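Keep in mind that this is a model prediction, so the values were computed, not measured.
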2 protein chains.
Amino acid sequence: MADGGTQIKRGRKFDQVLDGARKIFMSDGYEGASVDDVAKAAEVSKATLYSYFPDKRLLFMEVARLECCRQTEHALESIDMTQPVRDVLCNMCQHMMKFFLSPFGQRVFRICVAESDRFPELGREFYASGPEHVAASIMSYFDDAIDRGELQIKDRHLAAHQLIELCKADLFPRLVFGIDTEFSDEEINNVVTGAVDMFLARYGV
Amino acid sequence: MADGGTQIKRGRKFDQVLDGARKIFMSDGYEGASVDDVAKAAEVSKATLYSYFPDKRLLFMEVARLECCRQTEHALESIDMTQPVRDVLCNMCQHMMKFFLSPFGQRVFRICVAESDRFPELGREFYASGPEHVAASIMSYFDDAIDRGELQIKDRHLAAHQLIELCKADLFPRLVFGIDTEFSDEEINNVVTGAVDMFLARYGV
DNA sequence: CCGAAATTAAACGGATCAGTTTATAAACGA
DNA sequence: TCGTTTATAAACTGATCCGTTTAATTTCGG
């Protein structure tokens with residue numbers, strides 16, 4: 001409201017701090033990142049950093065929350081719901097996989113999984129701004145498609161989460177556990193097609 | 001060979017060390033566990049611990065490797081492949097979900113995800129003794145079922161990983177990110193049935 | 001029962017790191 | 001230009017923790 005920047009909170013170098021923190025946390029993880037490194041990357045003194053954030057945890061939470069929202073919104077706004085069902089589903093899966101398999105998506109997932117039992121709020125915020133948000137959008141699309149008679153789904157909640165999970169088949173674990181570091185478009189399309197084929201075999205008209 | 005115990009390596013208190021390490025690592029994670037705590041839990045001096053394992057990492061790797069093998073084997077040996085396809089698939093899914101949702105499965109997953117980019121061998125070993133091993137067993141069952149004309153699958157590899165991933169729908173993320181801590185049998189059966197329904201809609205005869 | 005191997009407790013070295021403090025300097029509004 | 005707010009660098013505190021060392025004790029085979 002009162003601030004000219006994007007943040008409600010005070011500050012001239014506030015965004016610098018967030019940017020530096022994001023950079024370091026994303027490349028080093030939560031435990032691996034030292035506050036000194038964050039301050040250095042932000043080109044800000046440690047005292048300044050601590051004048052904005054009371055401790056390392058809250059700084060990290062803010063970074064994670066912001067990034068999850070940003071990414072989820074970006075993914076959602078670039079899906080065109082007017083295409084045929086198969087195409088819409090393929091698009092959704094493409095976007096989800098692109099995020100799952102991106103270095104950034106990997107990092108966020110890794111950190112949230114690692115820290116969310118020692119740091120429950122983080123897990124909850126990530127889930128709300130990530131999986132839950134996406135699932136809600138998918139379900140909303142299902143509603144329309146069901147109304148138009150293009151899909152037959154009883155348990156929309158389950159169906160949405162099944163679709164999400166199908167996008168993780170094979171490639172995602174291989175990336176998370178370091179078997180591979182990147183995949184060809186062919187591999188990705190194969191999984192996307194497989195997911196949509198399976199989904200439509202079950203819920204198509 | 002030469003040793004009376006179960007271990008190839010030397011030692012009288014070797015197993016004590018592993019047991020204590022498993023207990024502490026599973027309850028505190030890798031970073032959260034201190035070697036002193038491990039030694040205490042193992043009722044062993046730290047010097048003894050270090051006489052068996054050169055450092056904390058290798059100790060953890062050995063614990064993780066052993067536990068993954070143990071759990072995977074246990075799950076595999078209790079599946080009866082002679083039942084009708086639908087029942088076998090339900091059984092498989094039940095077993096997988098039981099593991100995914102167990103406190104132990106959660107712990108291992110969490111730690112392996114967290115540590116596997118700073119500690120690549122761990123991720124690889126976990127993947128090999130977990131997902132890959134399970135997928136191989138599932139594919140081997142597919143081969144038989146296909147021969148008997150009970151399933152129609154072109155890409156067996158993809159199908160196996162799709163089945164695995166369908167078992168994680170909804171409940172698994174909710175547990176990983178701390179939304180819920182346990183689930184009713186009804187919820188679990190719902191996901192299992194949903195997974196098998198979907199799988200058979202796609203690959204059933 | 002002896003002597004080698006294993007085990008122990010306890011302290012220590014060296015390193016990292018979160019968060020505070022202090023004294024100084026820059027930025028900026030009035 | 002003055003005074004307040006904001007930022008800075010650097011040293012410091014207090015704590016944790018890995019891994020080593022030492023000197024004493026226990027275990028156990030032969």
Counting just side-chain N and O atoms, does B/Tyr52 come under 4.0 Å of either OP1 or OP2 of C/dT7? yes

Counting only side-chain nitrogens and oxygens, does B/Arg57 get under 4.0 Å of the OP1 or OP2 atom of D/dC18? no

If we fit an axis to the first five pairs and another to the last five of the helix from C/dC1-D/dG30 to C/dC12-D/dG19, what angle do they make, to the nearest 10°? 20°

In whole angstrom, give the distance that lies between atom [atom1] of [X] and atom [atom2] of [N].
X       : N      : atom1 : atom2 : result
B/Phe14 : C/dA6  : CZ    : C1'   : 15 Å
A/Phe60 : C/dA18 : CZ    : P     : 14 Å
A/Ile24 : C/dC17 : CD1   : P     : 12 Å
B/Glu31 : C/dT16 : CD    : P     : 15 Å
B/Gln16 : C/dA6  : CD    : C1'   : 13 Å
B/Arg12 : D/dT25 : CZ    : C1'   : 12 Å
A/Asp15 : D/dT6  : CG    : P     : 16 Å
B/Lys56 : C/dT16 : NZ    : C1'   : 13 Å

Among the nucleotides [options], which one has an atom lying closest to any side-chain atom of [X]?
X       : options               : value
A/Thr48 : D/dC28, C/dT21, D/dA7 : D/dA7
B/Tyr50 : C/dG19, D/dG19, C/dT7 : D/dG19
A/Asp55 : D/dT21, D/dT8, C/dG19 : C/dG19
A/Lys46 : C/dT8, C/dA18, C/dA11 : C/dA18

Short of 4.0 Å, heavy atom to strand atom, which residues of residues 33-45 of chain A count as contacting DNA chain D? A/Glu43, A/Val44, A/Ser45

B/Asp170 and A/Gln162: side-chain donor and acceptor closer than 3.5 Å? no

May I ask you to say whether B/Arg174 pairs ionically with B/Glu187, meaning some side-chain N is under 4.0 Å from a carboxylate O? yes

Salt-bridge contact B/Glu121-B/Arg124 (side-chain N to carboxylate O under 4.0 Å): no

Do B/Arg110 side-chain atoms and B/Val176 backbone N/O form a donor-acceptor pair below 3.5 Å? yes

ring-ring contact (aromatic ring centres under 6.0 Å, His included) against A/Phe60, all qualifying residues, sequence neighbours excluded: A/Phe25, A/Tyr30

Name the residue from B/Asp87, B/Val88, B/Leu89 that meets the side chain to side chain contact (heavy atoms under 4.5 Å, CB included) definition with B/Val85. B/Leu89

Shortest non-hydrogen contact from A/Cys93 toward A/Leu163: SG-CD1, 3.8 Å

Below 4.5 Å, heavy atoms only, C-beta onward: do A/Phe126 and A/Ile111 meet side chain to side chain? no

Check whether B/Tyr52 forms a cation-pi arrangement with B/Lys13 (NZ or CZ under 6.0 Å from the six-membered ring centre, at most 45° off the ring normal). no

